[in-house]
Amino acid sequence: MSVLPDGEACREQTLGEIHAAALGQPCDGQVADYIPALASVDASRCGIAFATLEGEVHVAGDADMPFSIQSISKVFGLVLAMQRMGDDLWQRVGMEPSGQPFNSIVQLEWEHGIPRNPFINAGAILVADTLVSHFSSSRQAFLSFVRRLAGCERCDINEEVLASETRHGSRNAALAYLMKSFGNIEAEVEDVLAHYFFQCSLEMSCRELATSLLFLANRGVHPLSAERVTTPRDAHRINAILSTSGMYDQSGQFAFSVGLPAKSGVGGGIVAIVPGQGIISAWSPALNQHGNSTRALKMITELAGRLGLSIY
Ligand code: GLN
């Protein structure tokens with residue numbers, strides 16, 4: 001059963017009101033510019049989608065406009081790595097919140113090249129290493145996987161963002177080389193970074209993102225294709241780490257005020273998993289100091305509050 005108020009018009013209206021309220025307030029925050037190609041995105045863009053397990057997608061605003069999913073790609077990478085590696089993966093990456101900015105390097109040396117979790121950059125680069133080592137073409141495998149989940153052959157990377165990330169990727173390269181020095185990266189660092197930058201530069205719309213992740217709200221089975229993407233145990237584990245680490249060093253505050261597993265990206269997108277019900281995906285490019293979209297955060301907070309969606 002969908003939790004939105006009954007009736008198609010009423011459902012769209014709830015999202016429409018939340019979207020209008022977010023647009024009506026002054027937009028705090030700044031578009032990410034440390035990846036120069038992201039700085040040219042129109043900051044007034046704003047969209048939200050709620051995909052339900054029944055196959056309905058309710059939308060408002062720019063919900064069909066593709067945007068750079070950035071760190072939200074870390075979820076897809078992790079799912080693929082868990083499928084391939086099983087429990088061995090957890091020997092090489094942790095499951096604890098870092099309490100640090102997403103691209104921080106300090107903890108990594110203290111902790112001997114084992115990243116705190118798969119949703120900070122170091123963790124996702126480690127996951128990228130496992131994909132490069134397990135697939136003959138990890139980038140193609142990644143893209144096919146996401147397209148299948150989203151039911152969208154059109155989803156693709158943005159070449160300009162990819163080139164920009166690659167050119168300005170010194171910090172990610174530093175994280176990768178540090179892990180390599182501890183023996184926790186197996187493949188060539190260049191290949192690992194190429195995969196990592198590739199997945200970050202994928203573009204999807206709110207509608208496509210929400211649809212693609214429905215399996216996380218459904219104990220691992222994608223409700224539209226009936227494909228079992230993960231075991232119930234792995235769906236539980238991914239949602240658990242999303243709850244504690246998906247919003248970086250704002251994860252505690254997000255749990256406190258919203259109470260849903262979620263993942264953000266510096267493209268301005270946030271996805272939130274509503275177990276047993278569906279996926280919310282919101283996007284607006286301006287970010288707060290933690291790298292999370294201010295308007296997407298407002299819209300998801302409002303929707304979760306109005307519909308009583310907290311899992312706690
Ligand atoms: N591509 C970005 C980076 O590596 C992803 C970070 C993010 O979305 N938080 O810094």
The single option from L53, L214, N218 that satisfies side chain to side chain contact (heavy atoms under 4.5 Å, CB included) with L224 is L214
- Check step by step if side chain to side chain contact (heavy atoms under 4.5 Å, CB included) holds for N117 and M95. CA-CA 5 Å; N117 67 69; M95 56 200 71; 5.7 Å; no
*State, yes or no, whether a side-chain contact exists between T14 and F50 at a heavy-atom distance under 4.5 Å.*
no
Item to complete: Step by step, work out the side chain to side chain donor-acceptor pair (under 3.5 Å) result for T294 and D28.
Response: CA-CA 7 Å; T294 51; D28 320 321; 5.7 Å; no
Please tell me whether V271 and L80 are part of a single hydrophobic cluster in this structure, the criterion being side-chain heavy atoms less than 4.5 Å apart. yes
(request) Determine whether P285 and F67 make a side-chain contact, defined as any pair of heavy atoms from C-beta on separated by less than 4.5 Å. (result) no
>> More than 12 heavy atoms of other residues, nucleotides or ligands under 6.0 Å from OH of Y34: yes or no?
In response: yes
For residues M82 and T231, determine if any side-chain heavy atom of one lies less than 4.5 Å from a side-chain heavy atom of the other. no
Q. Can any side-chain N or O of D62 pair as donor or acceptor with the backbone N or O of C46 at less than 3.5 Å?
A. yes
### Query
Is atom CD of Q30 surrounded by more than 12 heavy atoms (other residues, nucleotides or ligands) closer than 6.0 Å?
no
Would a distance-only check, ignoring hydrogens and angles, find a side-chain to backbone donor-acceptor pair under 3.5 Å from K74 to Q199?
-> no
message = N292 vs F254, test: side chain to side chain contact (heavy atoms under 4.5 Å, CB included). Steps then yes/no.
response = CA-CA 11 Å; N292 296 324; F254 190 83; over 6 Å; no
Heavy-atom distance under 4.5 Å between the side chains of F76 and L213, does that happen here?
yes
Determine whether a donor-acceptor pair (N or O, by modelled atom type, separation under 3.5 Å) exists between the side chain of S284 and the backbone of R45. yes
For the residue pair F198 and F142, categorise the inter-ring angle as parallel (less than 30°), tilted (30 to 60°) or perpendicular (more than 60°). perpendicular
So OG of S205 and CD1 of I69: to nearest 0.5 Å the spacing works out to 11.0 Å
Short side-chain to backbone donor-acceptor contact, R116 and G94, under 3.5 Å = no
So do the side chains of L78 and V93 get within less than 4.5 Å of each other, counting heavy atoms only? no
Same cluster or not: are Y196 and L108 linked, directly or through other Ile, Leu, Val, Met, Phe, Trp or Tyr residues, by side-chain heavy atoms under 4.5 angstrom apart? yes
Here the pair of heavy atoms bringing V127 nearest to P118 is CG2-CB, 4.2 Å
* Under 3.5 Å, is there a donor-acceptor pair between the N288 and Q250 side chains? -> yes
By side chain to side chain contact (heavy atoms under 4.5 Å, CB included), N239 pairs with (sequence neighbours left out) L216, L242, P261, I273
Shortest non-hydrogen pair, R147 vs C155, comes out as NE-O, 2.8 Å
When you measure from the side chain of R219 to the backbone N and O of A235, does any donor-acceptor pair fall under 3.5 Å?
no
Main chain of T130, side chain of H134: is a donor-acceptor contact present, judged purely on distance under 3.5 Å? yes
Any chance you could lay out the side chain to side chain contact (heavy atoms under 4.5 Å, CB included) test for L149 and H222, step after step, and finish with the verdict?
CA-CA 8 Å; L149 291 176; H222 199 297; 4.1 Å; yes
Task: Linked, directly or transitively: L307 and L297 (ILVMFWY side chains, under 4.5 Å) - done: yes
message: Please tell me whether F145 and L202 are part of a single hydrophobic cluster in this structure, the criterion being side-chain heavy atoms less than 4.5 Å apart.
response: yes
Check whether any side-chain N or O of D234 sits under 3.5 Å from a backbone N or O of V79 as a donor-acceptor pair, and report yes or no. no
Hits for side chain to side chain donor-acceptor pair (under 3.5 Å) against E188, two or more places apart or cross-chain, chain-then-number order -> none
Can you check whether V229's main-chain N or O pairs, donor with acceptor, with Q83's side chain at less than 3.5 Å?
-> yes
N-O pairing of D87 and R237 below 4.0 Å:
yes
Nearest heavy-atom approach of Q70 to G267 is CG-N, 3.5 Å
Could you tell me if the side chain of R84 sits less than 4.5 Å from the side chain of F135, heavy atoms only?
yes
Side-chain donor/acceptor of S212 to backbone N/O of L209, under 3.5 Å | yes
When rounded to the nearest 0.5 Å, the distance separating CZ of R92 from CD of E186 is 4.5 Å
Separation between CD (Q277) and CD (E54), nearest 0.5 Å, reads 9.0 Å
* To do: Take M204 and V146 through the test side chain to side chain contact (heavy atoms under 4.5 Å, CB included) and record every step on the way to the result.
  => CA-CA 10 Å; M204 296 172 79; V146 176; 3.7 Å; yes
Inset, instruction - Output yes when a side-chain donor or acceptor of Q107 lies under 3.5 Å from a complementary backbone atom of S98, and no otherwise. - result: yes
On a heavy-atom basis, the closest approach of L126 and P115 is CB-CG, 4.1 Å
Say whether F119 and L193 are linked into one hydrophobic cluster, either directly or through other cluster members, by side-chain heavy-atom distances under 4.5 angstrom. yes
Taken in chain and number order and not counting sequence neighbours, the residues that satisfy side chain to side chain contact (heavy atoms under 4.5 Å, CB included) with E109 are L178, F182
Start with the C-alpha distance between N172 and N121, add both sets of side-chain angles, then the distance that settles side chain to side chain donor-acceptor pair (under 3.5 Å), and finish with yes or no.
-> CA-CA 7 Å; N172 287 320; N121 284 13; 3.0 Å; yes
Between the CZ atom in R207 and the OG atom in S281, the distance rounded to the nearest 0.5 Å is 11.0 Å
Of all heavy-atom pairs linking M299 and A282, the shortest is CE-CB, 4.0 Å
Are the side chains of M179 and D129 in contact, using a 4.5 Å heavy-atom criterion? no
Rounding to 0.5 Å, atoms CD1 (I241) and OG (S251) come to a distance of 11.5 Å
Closest non-hydrogen contact found for G278 with A217 is O-CB, 3.5 Å
Is the closest side-chain heavy-atom distance between F102 and S264 below 4.5 Å?
no
